[in-house]
Every structure is written in C-alpha cells, then in structure tokens.
Amino acid sequence: MRIHCATLFSVASVLINGTGLSQSTVVVGSWAFSTGVHPTLSYTFENTDERTIENFWRAELKRISPDVSNKKELIAASALIPMVSPDTVRVLVKADQRRGSTMVTVNVAILSTAGWIAPDSDPHALESARAFVQEQCTALRWEIAQEALANGEKELARLQNDLAGHVREKERAERSMVSSKAKEAEAVTDQVRIRKERTELDERITEQQQVNATEGTKEDLKDLARLVKQRARSNRDLERALDREKAMRKKQEDLAWDLKKNATDHVRKVADIERQEGVVKELREKLEAIH
C-alpha cells in the first residue's frame with residue numbers, strides 16, 4: 001500500500017464528516033509544467049497530500065513506461081496506454097496543493113503523436129485519456145479509503161482490547177477488596193485473641209511476682225522472666241494485628257476509589273467504542289461506494 005499514515009486519519013475525518021472528496025470526475029484544464037503550459041486532465045482530492053498522490057502515480061507510470069523521471073514533475077517517456085493511443089505517449093503528472101489548503105489537484109498531461117490531449121483532440125482519444133486518468137484516480141481513492149478503514153478497524157480493536165483490560169482490572173480490584181476485608185476481619189479476630197491472652201499473662205505475672213516476693217526460687221524467677229517475655233511478644237503481635245487492620249482499611253479505601261474511577265472510565269470507554277464502531281461503519285460504506 002502506497003498511502004502515508006499521516007494522510008489517512010485526515011482522510012478518515014473527511015469521509016466521516018460527510019464532505020467526501022471534492023471531485024469524483026476528471027475535468028479538462030491546463031497547467032504550467034516546466035516545459036510550458038499544457039492541456040491537462042485534472043482530478044481534485046481533499047485531505048490528502050502531494051506526496052501521496054505523486055507516489056501513487058509514480059508507481060503506476062513505472063508499470064507502463066520504462067523511463068520515469070521526477071524532477072519538477074513526474075515524466076513518463078514512451079508510456080504505453082493502448083486505450084489512448086496505439087503508439088507510445090509522453091505523460092506529465094504534477095500534484096498541486098496550495099498553502100493552508102486541504103485540496104490537492106493532480107494535473108495529468110498526455111502527449112501523443114497527434115499532439116497534446118486537449119478539448120479539441122479526437123473525441124475518442126480525449127474520452128479514452130479521461131477514462132485512463134479517472135481509473136487511476138478512482139484506484140487512488142479506493143486505496144486511501146481502504147487504508148482509512150484498516151486504520152479505523154485497528155483503532156476499534158485497540159479500544160476493545162483496552163476495555164477488556166479495564167474489565168480485568170475491575171475484577172482484580174473486586175477480588176482484592178474481598179481479600180482485604182477478609183484480612184481485616186482476621187486482624188480484628190487476632191486482636192481479640194491476643195488481648196485475652198495478654199490479660200491472662202498479666203494475671204499470671206502478678207501471681208508470680210507475689211510468689212517471688214515471699215518464697216521465690218530460681219525456677220520461680222525463670223518462670224517470671226518467661227512470662228514477661230511472652231507478654232512482650234504478645235504486645236508486638238497486637239501491634240502487628242492493629243497495623244494489619246489499619247493497612248487493610250486503607251487498601252479498601254484505595255480500591256473503592258479505583259473502582260469508582262473504573263466505573264466512570266468504563267462508561268467513557270464504551271462510548272468511545274460505540275463512536276468508533278460508527279466511524280468504521282461509515283468508512284466501510286464509503287469504501288464500498290467507490291466505483
């Protein structure tokens with residue numbers, strides 16, 4: 001495909017906006033080529049560029065001429081166009097786009113052994129030349145429309161994949177929300193258990209201290225030290241359980257915000273897909289309408 005991507009989105013835009021290409025038939029005119037002013041068969045496109053048009057014509061001319069040059073304009077010497085002339089012809093092609101304009105006109109001049117194809121040429125030769133230029137320009141319109149459709153479908157697929165990924169993110173966030181709530185509940189249960197254990201340890205420590213104050217032995221001192229160490233460990237466990245509860249609540253707040261944003265983004269993404277589906281539908285219709 002010889003169409004440039006930079007051109008395609010603007011072409012898609014004009015197709016969707018319904019303005020279409022500004023001209024669908026070849027008209028007779030004239031153009032000042034480097035070799036002088038010659039009668040031309042011209043066709044005007046909208047929302048493309050000179051490079052796209054001339055690249056297309058260069059490739060087409062190379063199919064019918066062994067010698068194609070490109071200096072100030074495309075020149076195909078000894079071009080063979082049987083529908084126009086049994087002899088070889090000379091073809092000059094120049095695309096013209098004025099600064100700031102979206103309109104691009106391709107000017108095609110054909111020199112046969114009978115002279116330049118012009119309004120006063122043999123009617124059959126003139127109509128055949130017109131048909132030749134029309135055929136090439138219609139093919140270019142088709143290529144532009146086809147590439148625009150391909151890019152439209154590619155964008156639609158991207159949006160659909162983006163939405164699918166968005167749905168997966170929502171599902172992951174929902175699973176994470178369930179998990180964090182379960183971990184929060186577990187942390188609260190651990191706190192109840194640890195506080196009960198710590199209360200029992202405090203009572204045992206108090207009892208042991210009383211024993212040690214009167215008739216404590218070395219073993220009693222060891223028991224007291226062990227109980228104090230257990231209480232310190234219990235305090236650390238309680239702090240960790242409190243931290244887990246706090247962390248899980250914070251995580252749920254973050255997830256709730258993510259899910260709220262996800263819901264808003266989901267509506268927008270669905271709307272983007274619906275719009276792009278409309279774009280693709282119209283691009284396909286425009287392509288099918290080119291004959």
Side-chain angles (χ1 to χ4, degrees), residues 1-8 10-11 21-148 290-291:
M1 197 60 76
R2 294 181 290 277
I3 310 304
H4 295 279
C5 290
T7 304
L8 298 174
S10 59
V11 170
L21 295 172
S22 63
Q23 177 186 316
S24 59
T25 58
V26 172
V27 297
V28 178
S30 63
W31 182 257
F33 294 93
S34 62
T35 55
V37 177
H38 305 306
T40 60
L41 298 166
S42 302
Y43 192 101
T44 301
F45 296 89
E46 187 173 2
N47 285 65
T48 184
D49 56 42
E50 295 175 357
R51 183 180 179 186
T52 294
I53 291 174
E54 292 188 355
N55 282 349
F56 175 87
W57 273 93
R58 183 184 298 107
E60 294 302 313
L61 292 176
K62 285 183 177 180
R63 293 170 54 189
I64 61 175
S65 173
D67 181 15
V68 178
S69 62
N70 182 19
K71 293 183 180 179
K72 293 185 178 181
E73 63 263 328
L74 286 168
I75 301 176
S78 302
L80 186 60
I81 311 177
M83 63 188 297
V84 176
S85 172
D87 301 313
T88 58
V89 297
R90 186 178 184 83
V91 182
L92 281 65
V93 177
K94 180 62 179 177
D96 175 56
Q97 182 175 26
R98 296 187 179 183
R99 185 184 299 276
S101 175
T102 61
M103 313 290 285
V104 186
T105 299
V106 59
N107 301 287
V108 182
I110 302 176
L111 177 63
S112 70
T113 54
W116 293 100
I117 300 294
D120 58 354
S121 298
D122 173 73
H124 175 73
L126 175 60
E127 290 309 310
S128 296
R130 190 197 301 270
F132 167 73
V133 175
Q134 180 75 48
E135 180 182 340
Q136 307 312 312
C137 290
T138 299
L140 176 54
R141 282 184 62 197
W142 191 89
E143 282 199 11
I144 292 172
Q146 183 186 50
E147 192 73 6
I290 296 174
H291 301 292

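Residue pairs meeting the ring pair (Phe, Tyr, Trp, His ring centres under 6.0 Å) criterion with at least one member in residues 77-123, sequence neighbours excluded: His38-Trp116. For residues 61-84, there are no ring pair (Phe, Tyr, Trp, His ring centres under 6.0 Å) pairs, not counting sequence neighbours. Listed by first and then second residue, the ring pair (Phe, Tyr, Trp, His ring centres under 6.0 Å) pairs that reach into residues 67-114 come to none, sequence neighbours excluded. Identified under the ring pair (Phe, Tyr, Trp, His ring centres under 6.0 Å) test for residues 69-92, with sequence neighbours left out: none.
Legend: residues meeting side-chain contact (heavy atoms from CB on, under 4.5 Å) with Ser69, ordered by chain and number and at least two apart, are Ile75. In this structure Arg130 satisfies the salt bridge (Lys or Arg N to Asp or Glu O under 4.0 Å) test together with Glu127, sequence neighbours excluded. Under the side chain to side chain donor-acceptor pair (under 3.5 Å) criterion, Ser34 pairs with Glu73, sequence neighbours left out. For the side chain to side chain donor-acceptor pair (under 3.5 Å) test, no residue two or more places apart in sequence or in another chain qualifies with Glu54. Not counting sequence neighbours, the partners of Thr138 by the side chain to side chain donor-acceptor pair (under 3.5 Å) test are Gln134.
How far CZ of Phe56 is from CD of Gln136: 5.5 Å, rounded to the nearest 0.5 Å. Arg63 contributes atom CZ, which lies 10.5 Å from atom CG of Leu61 (distance to the nearest 0.5 angstrom). Of the inter-residue distances, the one linking Trp57 atom CH2 with Asn70 atom CG reads 14.0 Å to the nearest 0.5 angstrom. Rounding to the nearest 0.5 Å places CG of Asn55 at 10.5 Å from CG of Leu140.
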Show me the side-chain donor-acceptor pairs of residues 78-96 shorter than 3.5 Å, one per line, residues at least two apart or across chains.
from: Ser85; atom 1: OG; to: Asp87; atom 2: N; distance (Å): 3.1
from: Ser85; atom 1: OG; to: Asp87; atom 2: O; distance (Å): 3.3
from: Lys94; atom 1: NZ; to: Lys72; atom 2: O; distance (Å): 3.2

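Here the closest non-hydrogen pair linking Gln97 and Asp49 is OE1-CA, 3.8 Å. Residues Ile117 and Ala125 come closest through the heavy atom pair CD1-CB, 4.1 Å. Smallest separation of non-hydrogen atoms from Ala109 and Thr40: CB-CG2, 4.3 Å.
Between the Ser30 side chain and the Pro39 main chain, no donor and acceptor come within less than 3.5 Å of each other. Listed for the Thr105 side chain is no donor-acceptor partner under 3.5 Å among the backbone atoms of Thr44. Listed for the Ser128 side chain is a donor-acceptor partner under 3.5 Å among the backbone atoms of His124.
Aromatic ring orientation, Trp31 versus Phe33: perpendicular (interplanar angle above 60°, classes split at 30° and 60°).
The shortest side-chain heavy-atom distance between Ile64 and Phe132 falls under the 4.5 Å cut-off.
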